[in-house]
There are 2 protein chains.
Amino acid sequence: MASTGRERLVVIGGDAAGMAAASQARRLKKPEDLDIIAFERGHFTSYSACGIPYWVGGEVDGPDALIARSPEEHRERGIDLRLRTEVVELDPDRSRVRTRQVDSGTEEWTGYDKLVIATGARPVRPPLPGIDAPGVHGVQTLDDGQALLDTLGRLEGDHGRRAVVVGAGYIGVEMAEALLLRGYRVTVLNRGEQPMSTLDPDMGRLVHQAMDGLGIETVAGAEVTKILTGEDGTVRAVATDDAEYPADVVVLGMGVAPETALARDAGLPLGSFGGLLTDLSQRVRGREDIWAGGDCVEVLDLVSGRERHLPLGTHSNKHGQVIGANVGGGYATFPGAVGTAVSKVCDLEIARTGLREKDARAVGLQYVTATIEATSRAGYYPSAAPMTVKMLAERRTGRLLGCQIVGREGAAKRVDIAAVALTAGMTVEQIVALDLGYAPPFSPVWDPVQVAARKAVAAVRAG
Amino acid sequence: MASTGRERLVVIGGDAAGMAAASQARRLKKPEDLDIIAFERGHFTSYSACGIPYWVGGEVDGPDALIARSPEEHRERGIDLRLRTEVVELDPDRSRVRTRQVDSGTEEWTGYDKLVIATGARPVRPPLPGIDAPGVHGVQTLDDGQALLDTLGRLEGDHGRRAVVVGAGYIGVEMAEALLLRGYRVTVLNRGEQPMSTLDPDMGRLVHQAMDGLGIETVAGAEVTKILTGEDGTVRAVATDDAEYPADVVVLGMGVAPETALARDAGLPLGSFGGLLTDLSQRVRGREDIWAGGDCVEVLDLVSGRERHLPLGTHSNKHGQVIGANVGGGYATFPGAVGTAVSKVCDLEIARTGLREKDARAVGLQYVTATIEATSRAGYYPSAAPMTVKMLAERRTGRLLGCQIVGREGAAKRVDIAAVALTAGMTVEQIVALDLGYAPPFSPVWDPVQVAARKAVAAVRAG
């Protein structure tokens with residue numbers, strides 16, 4: 001006898017993955033068949049956290065512009081959205097979650113037939129002395145962005161304002177640009193030797209040099225030991241092992257980790273990066289009624305065959321679509337990713353996809369590398385801008401393993417060529433033969449990615 | 001008994017394909033083993049004909065900037081280059097070519113062991129009354145570009161100068177932009193209903209509208225019947241069936257055809273577009289000692305499986321590399337092309353790859369289409385520019401068949417995503433899953449190509 005009751009879908013987390021799943025499920029299932037309740041502990045839904053640096057830098061308005069779909073819009077579409085409501089316990093054996101209202105502290109249990117975990121990621125925030133002082137900011141949520149802007153507003157008009165950014169990954173370099181645009185003297189404290197550790201160090205060095213040129217001081221090998229505060233308790237400087245860096249404001253860009261405490265406590269399977277493990281349909285491994293997506297899951301790396309943590313809006317949106325289709329009675333899969341990422345610091349563009357040298361070594365792949373310089377347009381065309389392209393290919397087979405690009409206008413999105421080629425398992429020889437768009441305003445006759453591939457072909461042949 | 005004699009390579013045509021072949025062969029074979037003689041009937045070698053519109057428009061200097069490698073540089077590298085020397089007969093049975101010096105008329109026979117035919121393409125130039133009048137220009141060679149610039153120089157200072165461009169393909173629209181930049185009132189006479197017949201008409205209409213907006217008058221269904229001249233014999237107007245268009249200068253952009261009279265007279269195999277037919281190594285079919293490449297050959301279309309004429313510098317350069325490697329004793333192949341092309345008219349970007357609707361019908365493929373509008377960057381990011389993306393996918397299988405893009409900054413080179421996917425035989429569903437570069441300054445969270453693919457997936461599912 002088939003069940004005739006209305007089912008309930010509970011979604012934990014109101015950003016990209018959770019609300020895309022809820023929206024897609026809503027499109028596929030009528031309200032009389034599926035009840036959808038979404039819990040979000042903050043004030044906002046479906047927003048672009050990736051846009052926060054541009055909001056802070058004054059390039060875009062916020063926070064409204066960063067919100068793809070407001071709570072009201074979700075409610076109008078038949079999703080019972082509960083803001084400022086945190087899920088504090090997950091009880092998969094009894095198919096229920098315990099929630100707490102952030103403002104009142106009221107708790108209650110809510111049962112589910114199907115559950116979507118989209119709890120996102122939390123910024124790494126080491127327990128250093130002073131780290132919770134006023135003026136020290138993370139930039140993970142719109143609430144974080146607003147808090148930072150409030151601090152910057154209070155400092156407005158002060159002369160010689162200084163900002164220290166801790167960490168030189170995507171968020172770090174993007175926030176360095178934002179603070180530079182706001183008129184701050186910016187110092188980036190980087191634990192490693194080169195910024196952008198998602199690149200190989202030789203490519204990171206190019207970013208370092210360009211940041212120098214922009215007037216952003218980048219300190220290598222800087223291990224932060226404490227945040228120093230003034231008499232009023234607000235931040236005054238950041239201390240490392242061997243120096244102090246004066247700071248009127250500090251931004252933490254030390255990366256993020258999957259927010260999976262709930263899932264861990266409930267006994268759900270986590271991977272080596274602390275993210276939830278799912279199958280191709282984004283169903284949590286071993287669980288019939290629980291799906292997970294977005295920054296709280298690990299993603300299959302299609303090049304290495306290993307799971308990785310790739311917190312990025314594109315994956316979150318895809319996960320949400322896939323989960324929504326599956327919860328809604330269809331079938332969809334997320335096959336994995338190749339680790340593509342693009343970023344910029346002022347006019348410097350940075351892109352990467354696939355494996356770095358150390359990733360290739362870690363999975364025991366033998367490789368050759370090729371690095372070239374080329375221009376974004378025909379060399380004779382106005383505003384042709386230089387770029388450096390590095391390519392990794394498997395020794396002997398010539399299979400593309402990775403590609404990194406550092407350049408100016410027109411550089412970053414060329415990484416898509418390599419991203420598609422990686423997904424298709426192409427060799428560097430096949431990349432040389434690709435029929436890519438050519439006209440002098442758009443590309444040299446050999447696209448820079450193909451110039452790199454030609455050199456990689458030679459390296460593969462040489463051994 | 002192995003031959004111990006020095007071999008001779010003869011190359012007919014000194015532009016991209018011919019000189020890339022000669023240069024690559026020179027790198028692989030020492031002068032004591034291989035003699036290389038290249039015949040070129042013009043004054044220039046290895047130049048970017050694609051750059052001529054930007055030279056004419058004053059955006060780039062010319063002609064020197066457009067020359068990748070000068071005759072002297074080729075000679076210094078050990079190539080016996082003979083300019084202003086036309087090959088007037090090919091005698092494959094006796095392995096020799098007859099040449100004529102353009103200036104003196106002197107003729108002689110030159111034998112070869114290996115021959116490369118790289119005779120390029122000639123502009124379509126119908127035998128209309130007045131078509132040879134002063135002020136009527138093709139733009140195929142640097143010599144053509146210089147002649148046009150000389151005419152424009154003579155008109156400098158005149159008021160209300162008018163230019164008529166015959167043809168609305170790549171050369172036509174690029175020359176329309178160039179003449180607009182030079183201050184001309186520009187009329188484009190187009191035989192078809194929409195400009196850019198390499199696009200489907202619905203996408204061509206967008207180009208038409210944009211050209212209107214730029215102040216370029218485009219006349220549809222205009223069949224030119226004659227060129228009218230003034231008392232001094234120079235051009236005065238262009239006449240069609242039903243109108244006359246005043247013109248101080250006329251540019252012919254009616255497309256090009258393979259320049260294969262020599263090859264035809266020698267009995268070499270030509271395809272239905274009049275181009276030489278080769279195998280994957282660019283060897284002329286049925287001939288052991290003759291290779292051909294560039295605008296004079298037909299290219300295998302990887303999507304339709306048919307031969308096409310795709311005169312474009314990227315293919316010419318690849319052909320030259322492949323031929324040079326093979327002549328030099330190695331082995332290389334040119335697997336074919338997917339028909340990618342990008343162009344611009346002022347700030348309008350135009351791109352296409354794969355099959356149009358009529359191409360798909362011609363090869364009996366059933367297809368669905370999807371057309372979407374999206375932005376080049378996150379919608380909230382400054383200078384996010386709109387674009388329209390159309391996608392064709394095979395019915396039932398969902399295999400990508402083609403993609404066309406019309407938009408502004410950041411639109412055209414996105415076609416590379418589709419070009420690589422086409423080459424890999426991906427379905428539109430696989431395109432939706434691609435891990436493409438995302439950050440607000442570079443792309444919405446779903447790249448416009450993926451937005452189109454999502455709609456195409458729905459169309460495939462709907463039948």
Side-chain angles (χ1 to χ4, degrees), chain A residues 16 48 50-51 54 59-62 65-66 68 170 174 302 312-318 333-344 349 351 353 378 380-382 410 412-417 419-421 423-424 426 430 432-443 445-447, chain B residues 16 48 50-51 54 59-62 65-66 68 170 174 302 312-315 317-318 333-344 349 351 353 378 380-382 410 412-417 419-421 423-426 430 432-443 445-447:
Chain A
S48 171
C50 325
Y54 313 102
E59 292 171 279
V60 310
D61 294 332
L66 301 184
Y170 292 103
E174 288 167 2
L302 294 169
L312 203 57
T314 39
H315 306 315
S316 299
N317 274 280
K318 289 190 184 92
T333 59
F334 177 81
V338 292
T340 310
V342 295
S343 187
K344 78 177 191 72
E349 299 191 2
T353 190
Y380 56 78
Y381 196 84
K413 274 293 264 181
R414 279 185 153 88
V415 83
D416 285 346
I417 298 164
V420 186
T423 307
M426 285 185 179
Q430 288 173 312
V432 172
L434 284 172
D435 181 6
L436 302 176
Y438 161 64
F442 297 108
S443 178
V445 69
W446 293 93
D447 191 277
Chain B
S48 172
C50 325
Y54 312 103
E59 292 171 279
V60 310
D61 294 331
L66 302 185
Y170 292 102
E174 289 168 2
L302 294 169
L312 203 58
T314 39
H315 306 315
N317 275 280
K318 289 190 183 93
T333 59
F334 177 82
V338 292
T340 310
V342 295
S343 187
K344 78 177 190 72
E349 299 190 3
T353 191
Y380 56 78
Y381 195 85
K413 274 293 264 181
R414 279 187 153 87
V415 83
D416 285 346
I417 297 164
V420 186
T423 308
M426 285 184 179
Q430 288 173 312
V432 173
L434 285 171
D435 181 7
L436 302 176
Y438 161 64
F442 297 107
S443 178
V445 70
W446 293 92
D447 191 278

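Reminder, nothing fancy here: chain letters follow the sequence lines and each chain counts from 1.
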**Q** Could I get the full list of salt bridge (Lys or Arg N to Asp or Glu O under 4.0 Å) partners for B:Asp447, not counting sequence neighbours?
**A** A:Lys413, B:Arg414
**Q** With only heavy atoms counted, which part of A:Ala433 is less than 4.5 Å from chain B, the side chain, the backbone, both or neither?
**A**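 Both parts, heavy atoms under 4.5 Å.
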**Q** Could you look at A:Ser443 and say if it's the side chain, the backbone, both or neither that has a heavy atom under 4.5 Å from chain B?
**A** side chain
**Q** Measure across A:Asp435 and B:Ala419 and return the closest heavy-atom pair with its distance rounded to 0.1 Å.
**A** O-CB, 3.4 Å
**Q** I'd like to know if the side chain of A:Asp416 reaches the main chain of B:Ile417, judged simply by a donor and an acceptor atom lying under 3.5 Å from each other, with no hydrogens or angles considered.
**A** no
**Q** My understanding is that only residues two or more places apart in sequence, or in another chain, count here; which of them pass side-chain contact (heavy atoms from CB on, under 4.5 Å) with A:Ala16?
**A**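 Applying side-chain contact (heavy atoms from CB on, under 4.5 Å) to A:Ala16 gives A:Ser316, A:Asn317.
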**Q** Any side-chain heavy-atom pair from B:Val420 and A:Leu436 closer than 4.5 angstrom?
**A** yes
**Q** With a 4.5 angstrom heavy-atom cut-off, could you sort out which part of A:Ser343 is near chain B: side chain, backbone, both or neither?
**A** backbone
**Q** Using the rule given for side-chain contact (heavy atoms from CB on, under 4.5 Å), can you reason through A:Gln430 versus B:Thr423, listing the C-alpha separation, both sets of side-chain angles and the distance that settles it, and then say yes or no?
**A** CA-CA 9 Å; A:Gln430 288 173 312; B:Thr423 308; over 6 Å; no
**Q** Show the nearest heavy-atom pair for residues B:Tyr380 and A:Cys50, with the distance to one decimal.
**A** OH-C, 4.3 Å
**Q** Please classify the contact of A:Ala65 with chain B as side chain, backbone, both or neither, using a heavy-atom distance under 4.5 Å.
**A**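 For A:Ala65, backbone and side chain are both near chain B.
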**Q** Given that the side chain runs from C-beta out, which part of A:Tyr54 has a heavy atom under 4.5 Å from chain B: side chain, backbone, both or neither?
**A**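 The side chain, not the backbone.
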